[in-house]
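Each residue takes its place number in the sequence, starting with 1. Predicted model only: the values in this text are computed from it and were never measured. Just so you know, ligand 1 is whichever comes first in the structure, and atom 1 is the first atom listed for that ligand.
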Amino acid sequence: MKRSIPSDLDLSNRSVSVLCGGVGAARFLSGLLDVVPAENITAIVNVADDVVLHGLHISPDIDTIVYTLADAVSSTRGWGLEGETWQAMAMVSRYGGADWFNLGDSDLGTHLYRTGRLQEGASLAQVTAEIADAWNLRLSLLPVTNDRIETRVTTVDEGEIGFQEYFVGRQHDVALTAVRFVGADEAVPAPGVQKALADADVVVIAPSNPVVSIDPVLAVPGVRAALANRTSATVAVSPIIGGRALKGPADRMLQELGFESSVLGVARWYLGLADYLVIDDADGHMADEVDEVGLAPTVTNTIMSDPDVAAALARITISAALA
Ligand code: GDP
Ligand code: CA
């Protein structure tokens, strides 16, 4: 079934909330800012990859989004700052300290500020708003919760380890049997999260890792229900293209958890939560099968290699959900 999506819908007064991980979500949001006013956008961001190192609270997904939207992100790495230097890390290494998680000199300033404010009693949402404001971002950037939740993965060879030990320490090159989000059951959605999900004209599930970026957002009590109970549309953008993740272990993780690594696996993962799935041209031949799973497919270029593609993807994603 081929749906035709109008390309000229007026999106300027639509409100959009986006469930976000890091890099894929950041690129999508930068495109979205070209088609919907910043004031109408709420990004609800994963915090289960947050880690405390050297006594500092690091929020990788929030920082990736801030740096990307501020046009300050490293174009080669996709995370951290462009033009970064690494002298502080070299000093940590000299002392034999934990140097497996790279923190650039300027980036450290963000973590110092965040940690200091948290110690003064500010919430993560408050500090995040302050950081976004300092970079002149006008969208609403919300951690999904102010509470601490922590992704832990069970590996075949080593038992359970922390997410960053898996992702950065082991370069996600080990097989998993399970993933859990410690603390999620007792977490409370940050102020504004539930309302942003209930009120948005469109909720987008960004092209982020479904297992370790989107699932921990959904694991915060009330979030999954808010999504399932929406009367307006929810649309997901597939992070899997031609059976593979563009970057990172999303493809292997889906398989290891019993889902196929394809747009069908993504469709089954989001069944009951999203009504629509945007898939890449490369997967156009699977559109009918996505439809049979129960999500209405839209086929387009989803590889956000430049800002124009990201903006076009954002436009078609929102339009697909409104059409
Ligand atoms: P992380 O937190 O930085 O690891 O990133 P995310 O969870 O946001 O994203 C990782 C996933 O995003 C991977 O599965 C990628 O395939 C996907 N991704 C990254 N860039 C793009 C893109 O331009 N288009 C699509 N469709 N997916 C992308
Ligand atoms: Ca992440």
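- What you find for Thr42 and Ala196 is that their closest heavy atoms are CG2-CB, 3.7 Å.
- Each of the atoms 8 (O) of ligand 1 lies under 4.0 Å from some heavy atom of Ala25.
- Checking only distances, Pro207 does come within under 3.5 Å of ligand 1, N or O to N or O.
- Proximity of Phe28 to Cys20: side-chain heavy atoms (C-beta onward) are nowhere separated by under 4.5 Å.
- Counting only distances under 3.0 Å, and ignoring water, the protein N, O or S atoms around the Ca ion (ligand 2) are Asp49 OD2, Asp61 OD1, Asp61 OD2.
- Within the structure, ligand 1 lacks Thr64 among the residues with a heavy atom less than 4.0 angstrom away.
- Between Val23 and ligand 1, a contact under 3.5 Å exists for at least one N or O pair.
- Counting atoms of ligand 1 from 1 in the listed order, those under 4.0 Å from a heavy atom of Arg27 are 20 (N).
- Residues Val23 and Gly78 approach most closely at CG2-O, 3.6 Å, considering heavy atoms.
- The protein heavy-atom contact nearest to atom 4 (O) of ligand 1 is Phe167 CZ, 3.9 Å.
- For ligand 1, none of its N or O atoms has an N or O atom of Val237 under 3.5 Å away.
- The protein heavy-atom contact nearest to atom 22 (C) of ligand 1 is Leu246 CD1, 3.3 Å.
- Residue Gly22 has at least one N or O atom closer than 3.5 Å to an N or O atom of ligand 1.
- In this structure, the side chains of Val174 and Asp157 stay at 4.5 Å or more apart for every pair of heavy atoms.
- Listed by number with element, the atoms of ligand 1 under 4.0 angstrom from any heavy atom of Ala245 are 14 (O), 16 (O).
- If you number the atoms of ligand 1 from 1 as listed, the ones under 4.0 Å from a heavy atom of Ser213 come out as 2 (O), 6 (P), 7 (O).
- For the pair Ile5 and Ser319, the tightest heavy-atom approach, listed with the atom from each and the gap, is CG2-CB, 3.5 Å.
- Atom OG1 of Thr155 and atom CD1 of Ile161 lie 5.0 Å apart (nearest 0.5 Å).
- Listed by number with element, the atoms of ligand 1 under 4.0 Å from a non-hydrogen atom of Met304 are 22 (C), 23 (O), 24 (N).
- Among protein heavy atoms, atom 13 (C) of ligand 1 sits closest to Lys247 O, 3.2 Å.
- For atom 26 (N) of ligand 1, the choice among Ser238, Cys20, Pro239 with the nearest heavy atom turns out to be Ser238.
- Of all atoms in ligand 1, numbered sequentially from 1 with element shown, those under 4.0 Å from a heavy atom of Asn209 are 6 (P), 7 (O), 9 (O), 10 (C), 11 (C).
- Between Glu260 and Arg268, at least one side-chain N (NZ, or NE/NH1/NH2) sits under 4.0 Å from a carboxylate O, which counts as a salt bridge.
- Looking only at heavy atoms of the protein, atom 24 (N) of ligand 1 is closest to Thr302 O, 2.6 Å.
- Checked against a 3.5 angstrom limit, the closest N/O atoms of Gly24 and ligand 1 fall inside it.
- The closest donor-acceptor contact from the side chain of Asp280 to the backbone of Ile241 lies at 3.5 Å or more, if one exists at all.
- Those atoms of ligand 1 with a heavy atom of Gly21 less than 4.0 angstrom away are 8 (O).
- When atom types are taken as modelled, the side chain of Thr298 and the backbone of Ala320 share no donor-acceptor pair closer than 3.5 angstrom.
- For the residue pair Val144 and Val193, the shortest heavy atom distance occurs at O-CG2, 3.7 Å.
- Salt bridge absent: Asp50 and Arg114 never bring a charged side-chain N and a carboxylate O closer than 4.0 Å.
- Taking both residues in full, the closest heavy atoms of Asp291 and Pro297 are given as OD1-CD, 3.5 Å, listed atom of the first, atom of the second, then distance.
- Residue Asp49 places no N or O, backbone or side chain, under 3.5 Å from any N or O of ligand 1.
- Thr234 places a side-chain heavy atom less than 4.5 Å from the side chain of Leu227.
- Ser208 places no side-chain N or O within 3.5 Å of a backbone atom of Ile214 that could act as its donor or acceptor partner.
- The protein non-hydrogen atom at the shortest distance from atom 8 (O) of ligand 1 is Ser208 OG, 2.7 Å.
- A salt bridge links Arg170 and Glu158; the closest N-O separation between the charged side-chain nitrogens and carboxylate oxygens is under 4.0 Å.
- Scanning all heavy atoms of the two residues, the minimum distance from Val16 to Val36 falls at CG2-CG2, 4.2 Å.
- Between Glu150 and Arg148, no side-chain nitrogen of the basic residue sits less than 4.0 Å from a carboxylate oxygen of the acidic one, so the salt-bridge criterion is not met.
- At a 4.0 Å heavy-atom cut-off, ligand 1 touches Ile241 through the side chain alone.
- Residue Ala250 has no nitrogen or oxygen atom sitting less than 3.5 Å from a nitrogen or oxygen atom of ligand 1, judged on distance alone.
- Atom numbering of ligand 1 starts at 1 in the shown order; those under 4.0 Å from a heavy atom of Asp61 are 2 (O).
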